[in-house]
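Report on one structure; see the data block that follows.
Since the model is a prediction, treat every value here as computed from it, not as a measurement.
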Protein chains: 2
Amino acid sequence: MRNIDIDSLEIFKAVVDCGGVTRAAVRLNRVQSNITTRVKNLEERLQVSLFHRESGKLVLTAEGQKLLTYAERLLRLSAEAEAALMSRLPSGALRIGTLESTAAARLPPLLSSYHERYPEVRIELVTGDTTSMIERVRNFDVQAAFVSEPFRADDLETCLAFSEELALIAPKNVVSITEARKLAQRTVIAFATGCSYRRILENWLSASRIMPGRVLELASYHAITACVAAGSGIGIMPRSVLKAVNAGGQVQALPLSPEFSQTRTHLVWRVGYSSLALEALQEELRRFDSD
Amino acid sequence: MRNIDIDSLEIFKAVVDCGGVTRAAVRLNRVQSNITTRVKNLEERLQVSLFHRESGKLVLTAEGQKLLTYAERLLRLSAEAEAALMSRLPSGALRIGTLESTAAARLPPLLSSYHERYPEVRIELVTGDTTSMIERVRNFDVQAAFVSEPFRADDLETCLAFSEELALIAPKNVVSITEARKLAQRTVIAFATGCSYRRILENWLSASRIMPGRVLELASYHAITACVAAGSGIGIMPRSVLKAVNAGGQVQALPLSPEFSQTRTHLVWRVGYSSLALEALQEELRRFDSD
DNA sequence: GTCTATGTTTCTCAATTTGAGAACTTCCCA
DNA sequence: TGGGAAGTTCTCAAATTGAGAAACATAGAC
């Protein structure tokens with residue numbers, strides 16, 4: 001026993017509270033001798049006397065008083081720790097990865113409702129693309145992540161979170177897909193390489209036999225809309241994001257054929273890795289789904 | 001072990017910090033097997049898994065993360081408790097009894113200097129008369145008390161704190177002791193019966209063969225001066241208090257013969273009952289004495 | 001005074017917990 | 001395919017803990 005042990009403190013406190021070894025023993029379901037001994041050991045351990053022993057009475061010393069306040073704090077804290085860990089209610093930190101798009105368009109209402117239900121959970125968001133998120137899940141850097149099809153994650157568990165409809169984003173003055181194709185030959189504006197949407201955009205381009213002149217990599221949907229609005233090129237994004245970033249007035253959305261436009265966002269996590277907070281998040285997703 | 005024990009938490013934290021059982025063992029001067037076992041026991045105890053065990057690596061689970069923050073707080077707190085108790089520096093609460101007069105005239109500079117030197121000590125003052133203070137010391141209600149001669153306290157340790165010169169307090173218009181004696185036949189204004197100064201005053205009255213008409217018992221020196229100033233009777237108080245309550249303009253002090261006027265204030269405490277904070281107070285008294 | 005009720009402390013012994021060391025297992029990497 | 005690094009399991013000895021009996025102390029009651 002290198003550190004003070006909490007049991008000793010509990011015994012000590014019981015003696016103080018009950019004003020005696022015997023009653024403390026009753027309260028703690030221990031034997032008197034045990035109480036006496038533990039208190040003496042504690043005194044020896046700390047090299048102070050905690051009680052004045054006079055005429056069969058135990059009265060706290062100044063040192064004892066000092067220890068008592070610590071003992072109470074430690075007991076409270078340890079009880080709290082134990083309760084937090086053993087309780088079947090979510091608490092602690094929930095660190096999840098997410099795509100920019102999901103964070104922008106989908107998470108606000110979800111997380112707000114989640115927070116209301118489980119205020120004990122502190123949520124941390126990490127944004128990034130699908131590929132890097134899957135890596136982070138594997139590395140235990142995040143407990144789960146929202147990622148978008150297509151992705152490979154045979155070793156992870158997944159559940160469907162949201163269905164998205166992707167649209168081409170083009171400057172206002174572009175009126176047809178044909179015209180958009182032409183623009184794409186000049187510049188494509190997209191997230192970094194790991195982004196699923198960008199991969200879809202590239203698939204569409206290649207199906208249309210277009211080789212983009214250059215790719216402008218940006219890090220936020222606001223930046224992308226701004227560049228597209230400025231006529232720099234075309235981009236791709238879910239309609240839900242387009243709505244969320246309020247970009248309808250600046251750019252226009254051109255429909256893609258369903259084979260390209262339909263994509264789904266999943267929540268993924270390590271097999272067997274589940275925490276109460278995470279389970280609650282899945283539950284919350286189902287709740288939103290059924291609405 | 002009914003409560004979580006801090007050693008287990010220390011081991012747990014070391015494993016997290018060092019990222020492995022082996023290094024944790026080195027850090028704590030324990031054997032690896034011990035670390036492994038304690039962590040497993042802890043997990044069993046709390047009925048959660050704290051680490052993901054995969055390919056010889058230990059990675060914190062969400063529950064583990066939750067425990068970690070508690071573990072850190074508990075370790076800090078217990079270390080602080082131990083340090084506070086074992087340190088040779090005064091800290092905690094120092095509860096001392098004092099006479100009104102001492103509190104008014106002597107303690108302010110003493111305690112202010114004490115506080116500056118030992119900011120960790122929280123001082124609590126209880127005021128009352130000599131008799132009740134001695135009782136409180138005996139009952140461990142206060143750790144020590146300032147009391148005034150004469151008092152009986154064979155079972156207590158004492159040290160001289162202050163020397164006081166008592167003076168009769170009379171209304172401004174009373175010019176001689178004789179006149180004061182006359183006034184005393186009407187009314188004597190004093191603290192409650194336990195007060196040493198009152199006893200001295202009574203001794204003086206009885207030596208002067210005066211039987212006071214009535215005794216007006218008040219609880220503060222300000223009240224006493226006010227009554228005396230109003231001509232209600234005479235009182236007694238140390239000159240130091242007279243100065244401290246700034247009563248010079250309202251009443252006048254008449255000298256008593258030395259056998260009555262000289263009295264001393266002592267600090268008393270239970271034999272063998274000494275705390276660092278109390279020792280420091282005695283030290284502080286000596287320091288003031290030699291100034 | 002002596003007795004009794006109520007406490008605390010001491011002592012001994014058995015049960016439990018802890019720690020060391022060696023053997024065993026895994027996985028990674030050259 | 002054979003080390004090396006890391007974690008786990010096993011066994012045994014040592015330390016700690018808890019129960020119970022007995023000794024010891026004190027304050028009232030008679």
Side-chain donor or acceptor of [X] paired with backbone N/O of [Y] under 3.5 Å:
X        : Y        : result
B:Tyr197 : B:Ala190 : no
A:Thr61  : A:Ser49  : yes
B:Arg45  : B:Arg2   : yes

Discussion item. So for the helix from C:dG1-D:dC30 to C:dA30-D:dT1, with five pairs setting each end axis, what is the inter-axis angle to 10°?
Written reply: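 About 10° separates the two local helix axes.
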Can you tell me the distance, in whole Å, between the [atom1] atom of [X] and the [atom2] atom of [N]?
X       : N      : atom1 : atom2 : result
B:Ile11 : D:dG7  : CD1   : C1'   : 15 Å
A:Asn34 : C:dT8  : CG    : P     : 14 Å
A:Gln32 : D:dT17 : CD    : P     : 19 Å
B:Ile4  : C:dT17 : CD1   : C1'   : 17 Å
A:Asn41 : D:dA15 : CG    : P     : 15 Å
B:Asp5  : C:dT17 : CG    : C1'   : 10 Å
B:His52 : C:dC27 : NE2   : C1'   : 19 Å
B:Arg23 : D:dG4  : CZ    : P     : 18 Å

[X] vs [N]: side-chain N/O to OP1/OP2 distance below 4.0 Å:
X       : N      : result
A:Arg53 : C:dT9  : yes
B:Thr22 : D:dG7  : yes
B:Arg30 : C:dA20 : no

Discussion item. Once you apply a heavy-atom cut-off of 4.0 Å, does B:Lys57 come out as touching a base, just sugar-phosphate, or nothing?
Written reply: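 The residue B:Lys57 makes no contact with any strand.
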Discussion item. Does A:Thr36 reach a base, just sugar-phosphate, or nothing at all? Heavy atoms under 4.0 Å.
Written reply: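 Here A:Thr36 touches the bases of the nucleic acid.
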Discussion item. Run the salt bridge (charged side-chain N to carboxylate O under 4.0 Å, His left out) test on B:Glu44 and B:Lys40 for me, step by step, so that the C-alpha distance in whole Å, both residues' side-chain angles and the decisive distance to 0.1 Å come before the verdict.
Written reply: CA-CA 6 Å; B:Glu44 226 160 81; B:Lys40 295 202 72 168; over 6 Å; no
Worksheet entry | Proximity to the side chain of B:Ser33 - top-ranked nucleotide from D:dT9, D:dG7, D:dA21 |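 Of the options given, the side chain of B:Ser33 lies nearest D:dT9.
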Fill in: Nucleotide of C:dT10, C:dG19, C:dT8 approaching B:Arg38 most closely (side-chain heavy atoms)
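Ranking C:dT10, C:dG19, C:dT8 by closest atom to the B:Arg38 side chain puts C:dG19 first.
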Practice prompt. Applying side chain to side chain contact (heavy atoms under 4.5 Å, CB included) between B:Ile35 and each of B:Val15, B:Val26, B:Thr22, report the one that passes.
Written response: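 That would be B:Val15.
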Item to complete: Please tell me which of A:Arg2 and A:Val21 maps to the more 5' nucleotide of DNA chain C, matching each residue to the nucleotide holding its nearest heavy atom.
Response: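 Comparing both residues, the 5'-ward one is A:Val21.
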Worksheet item: Mapping A:Thr37 and B:Thr37 onto DNA chain C by nearest heavy atom, which one lands closer to the 5' end?
Response: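 Of the two residues, A:Thr37 wins.
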Discussion item. With no hydrogens and no angle check, just 3.5 Å: does a side-chain donor-acceptor pair link B:Thr131 and B:Arg199?
Written reply: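 A pair is found: one side chain offers a donor N or O, the other an acceptor, under 3.5 Å apart.
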Practice prompt. Would you please name every residue forming a side chain to side chain contact (heavy atoms under 4.5 Å, CB included) with A:Ser196, sequence neighbours left out?
Written response: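 Counting only residues at least two positions away or on another chain, A:Ser196 forms a side chain to side chain contact (heavy atoms under 4.5 Å, CB included) with A:Thr130, A:Ser148, A:Pro150.
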